[in-house]
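In each ligand, atom 1 is the first atom listed, and ligand 1 is the first ligand listed. FYI, side chains are in, hydrogens and waters are out, and symmetry mates aren't considered; it's all heavy atoms of this structure.
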Amino acid sequence: MTHSVRTAVFPVAGLGTRFLPATKSIPKELLPIVDRPLIQYAVDEARAAGIENFVFVTGRGKGAIEDHFDVSYELEETLKARGKTQDLDRLRKLRPGPGEVAYVRQMEPLGLGHAVWCARHVVGNEPFAVLLADELILAERPVLASMIDVHERTGGNVVLVDEVPATETQRYGIIEPGEASGSAIEVVSMVEKPEPSAAPSNLAIVGRYVLTAPIMQILENTAAGTGGEIQLTDALMASLGSQPFHAVRLEAQRFDCGTKSGFVEATIRLALQRDDLRENVQRLVNSLADES
Ligand code: G1P
């Protein structure tokens, strides 16, 4: 089957300062939720949505991500020799195939918009997805697949949005919604990290984008915005009017693993969904509830 969106960009160059000291020498994208690194969830989601080309925008100190998606010859040989075929199979399924992965380097931390722009030559002239691994989303059918459906119907840019508490708008890009048709809401405008009083709604962009190629040209001309960084939200705002732009509402579980509390919540909830861990973790959760 041929998919209209075959390439996904994973910006993974961020310093992860919120998780220091854990992230001093380990990329934050490799911090595990139970026993899988955060980035693995995003890659698996993309693959399940039909993505075939995986572009990582990395930076200094992120080499372990490349190793994670590579063959580990010694490890695989050792598992084979020990007859651990299940573990071996599991490992092999984690990685995209040969030639399906590319790494580009964002040499300076100039923002999410700049990170996406750094991937322009690898992405080429096709529509592409962007996934931020911080946002861990659990859905029966990947939300990215529903967003690609909307892109195929409308031909334009698509972002995923979720309602956030009014007090948290300054952590996200916030859209101003227009008319809804089916699962797609027209986007009228958007702003990066507004104070609650300036937010046009409480619908936050939550780390999944389907973008058309012209966004790269717009990014090239986007000046630094909020936080002194080149913002993807600003480039998207500038694209309004020249092409269709819709938001898809999230209808699945989302964990903001960019925050410590979201990270801990994801760990507990995912552990509770695992057959091998449920009983013990449930007992722990119950006993903690009794104590408080
Ligand atoms: C980025 C985007 C923001 C979006 C958020 C989702 O911000 O700039 O628009 O709402 O991701 O997690 P960051 O979290 O990188 O500061």
Quiz item: Do E192 and T226 have side-chain atoms, one donor and one acceptor, less than 3.5 Å apart?
Solution: no

Quiz item: Does the separation of the ring centres of F128 and Y209 fall below 6.0 angstrom?
Solution: no

Self-check item: T233: numbered ligand 1 atoms lying under 4.0 Å from its heavy atoms
Solution: 9 (O)

Quiz item: Any nitrogen or oxygen of G173, main chain or side chain, under 3.5 Å from a nitrogen or oxygen of ligand 1?
Solution: yes

Exercise. Pick whichever of V164, L236, V130, I205 has a heavy atom sitting closest to atom 5 (C) of ligand 1.
Key: I205

Practice problem: State if D134 counts as touching ligand 1 under the rule of any non-hydrogen atom under 4.0 Å. | Solution: no

Quiz item: Between atom CG of L160 and atom CG of L131, what is the distance when rounded to the nearest 0.5 Å?
Solution: 10.0 Å

Quiz prompt | Of the listed options R208, Q231, K193, R171, closest to atom 16 (O) of ligand 1 (non-hydrogen atoms) | solution = K193

Exercise. Compute whether any side-chain donor of one residue and acceptor of the other, for T212 and Q243, lie under 3.5 angstrom apart.
Key: yes

Quiz item: Any nitrogen or oxygen of Y172, main chain or side chain, under 3.5 Å from a nitrogen or oxygen of ligand 1?
Solution: no

Quiz item: Can you tell me the protein heavy atom closest to atom 12 (O) of ligand 1 and the distance?
Solution: E135 OE2, 2.8 Å

Self-check item: Side chains of P194 and Q170 in contact at under 4.5 Å (non-hydrogen atoms)
Solution: no

Practice problem: Examine the proximity of ligand 1 to L132 and report which part, side chain or backbone, both or neither, has a heavy atom under 4.0 Å away. | Solution: side chain

Practice problem: Can you confirm whether something in the protein, heavy atoms only, sits under 4.0 Å from atom 10 (O) of ligand 1? | Solution: yes

Quiz item: Going by an N to O cut-off under 4.0 Å, is there a salt bridge joining R92 and E76?
Solution: yes

Exercise. Verify whether the ring centers belonging to F54 and F69 lie closer than 6.0 Å.
Key: no

Quiz item: To which protein heavy atom is atom 2 (C) of ligand 1 closest, and what is the distance rounded to 0.1 Å?
Solution: E192 OE2, 3.6 Å

